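Only one structure is covered here, and it is reproduced in the block below.
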Amino acid sequence: MILPVDFYRRPTLDVARDLIGKVLVHKTAHGVTAGAIVECEAYIGEDDPACHAAPGPTARNAPLYGPPARAYVYLNYGLHDMMNAVTEDEGRPAAVLIRALEPLDGLPLMQQRRARAPWRRGKPPVPEHELCRGPGNLCRAMGITLSDNTRLLTRGPLTIHDRGISFDDIVWDGRIGIRVAADRPWRASVAGHRSVSGRRSG
DNA sequence: CGTTCGATGCACT
DNA sequence: GTGCATCGAACGT
């Protein structure tokens, strides 16, 4: 079942929690890839210094101000595409950053896309649980790029589904990789899952 | 085990 | 010109 628009039109922390275990699906000419979300982060409003809406409306962050259930994709560090799901009502800029997936479908295609990265040339294949570990890596493995920005997530090539997967032990931590407001516990992840980014404990 | 640092493109000031 | 919601290699314990 594809998640309806009303799934996203809710408080962003609720959406982030409920996105854990949901399945991101991308269909392209090369084939279908899919993975279960095991890590994501909430970015909520102009009062959140780490949210792209903090400076107020700009050309880049316009999708955050738009209606929910759309993708907000942007380029970071000149190298990595980042994919968010826009949440809450139009005019309330907020989104959930998808940070890691457990690969489910199209693993060979994921492998192929990861191997095509310039810095991976001539390197051994990526282990399965690392294919979609980290926001930049998952976009590369899934073939998600800037051209998917503003796309509706309720139909078309890029969708998020409920396949009845659920994880126990969902934990909240501070968001990763930001230099401001890193103390807000707005990062949801599956405890101990091998595809979750950041420090591994064993 | 840990920390540092370069690659790389574009939005924003 | 500056600074990223990163990745992974290189180096120091």
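Within every chain, numbering begins at 1; the chains are lettered A, B, ... in the order of the sequence lines, protein sequences first and strands thereafter. Keep in mind the model is a prediction, meaning the values are calculated, not measured.
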Q | First of Val126(A) and Ile178(A) reached from the 5' end of DNA chain C, by closest nucleotide | A |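 Taking each residue's closest nucleotide, the earlier one in sequence belongs to Ile178(A).
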Q: Quick one: label Ala59(A) by what it contacts on the DNA or RNA (base, sugar-phosphate, nothing), any heavy atom closer than 4.0 Å.
A: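 Sugar-phosphate contact only - Ala59(A) comes under 4.0 Å of backbone atoms but never of a base.
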Q: Tell me what Arg175(A) touches on the nucleic acid: a base, only sugar-phosphate, or nothing, going by heavy atoms under 4.0 Å.
A: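 The residue Arg175(A) makes no contact with any strand.
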For [N], does OP1 or OP2 lie under 4.0 Å from any side-chain N or O of [X]?
| X | N | result |
| --- | --- | --- |
| Arg114(A) | dG8(C) | yes |
| Asn137(A) | dG8(C) | yes |
| Lys123(A) | dA9(C) | yes |
| Trp119(A) | dC7(C) | no |
| Arg179(A) | dA5(C) | no |
| His52(A) | dA5(C) | yes |

Q. Looking only at atom C1', what distance separates dG8(C) and dC10(B), rounded to whole Å?
A.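 dG8(C) and dC10(B) have their C1' atoms separated by 22 Å.
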Q | Interatomic distance at P, dT8(B) relative to dA10(C), whole Å | A | 15 Å
Q: Let me know, please, whether Leu146(A) or Leu79(A) comes out on the 5' side of the other along DNA chain B by nearest nucleotide.
A: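 In this pair, the answer is Leu79(A).
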To the nearest Å, give me how far apart [atom1] ([X]) and [atom2] ([N]) are.
| X | N | atom1 | atom2 | result |
| --- | --- | --- | --- | --- |
| Asp81(A) | dA5(C) | CG | C1' | 13 Å |
| His80(A) | dT8(B) | NE2 | C1' | 9 Å |
| Ile176(A) | dC4(C) | CD1 | P | 17 Å |
| Arg133(A) | dG8(C) | CZ | P | 9 Å |
| Leu75(A) | dG3(C) | CG | P | 18 Å |
| Ile98(A) | dA5(C) | CD1 | P | 17 Å |
| Ile144(A) | dT6(C) | CD1 | P | 16 Å |
| Tyr77(A) | dC5(B) | OH | C1' | 12 Å |

From C-beta outward on [X], which listed nucleotide comes closest to its side chain: [options]?
| X | options | result |
| --- | --- | --- |
| Arg120(A) | dT6(C), dG8(C), dA5(C) | dG8(C) |
| Tyr72(A) | dG9(B), dA7(B), dA5(C) | dA5(C) |
| Asn76(A) | dT8(B), dC12(B), dC4(C) | dC4(C) |

Q: To the nearest 0.5 angstrom, please state how far the CG atom of Asp148(A) sits from the SG atom of Cys139(A).
A: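 Those atoms lie 8.5 Å apart.
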Q) Quick one: CD1 on Ile160(A) to CG on Asp18(A), what's the gap to the nearest 0.5 Å? A) 12.0 Å
Q. Salt bridge or not for Arg163(A) and Asp105(A), using N-O below 4.0 Å?
A.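 Yes.
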Q) Is the shortest distance from a Lys or Arg side-chain nitrogen in Glu41(A) or Arg99(A) to a carboxylate oxygen in the other one below 4.0 Å? A)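 Looking at Glu41(A) and Arg99(A), the cut-off is met.
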**Q.** Side-chain donor-acceptor contact under 3.5 Å, His161(A) with Thr159(A)
**A.**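 There is such a pair between these side chains.
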Q.
Within the 3.5 Å criterion, strictly below it, is a donor on Thr154(A) or Arg70(A) matched to an acceptor on the partner's side chain?
A.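 Judged by distance alone, the side chains do not pair up.
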Q: Provide the Watson-Crick or G-U wobble partner of dC10(B), both distances under 3.5 Å; none if there is no partner.
A: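 For dC10(B), the partner nucleotide comes out as dG3(C), under the 3.5 Å rule.
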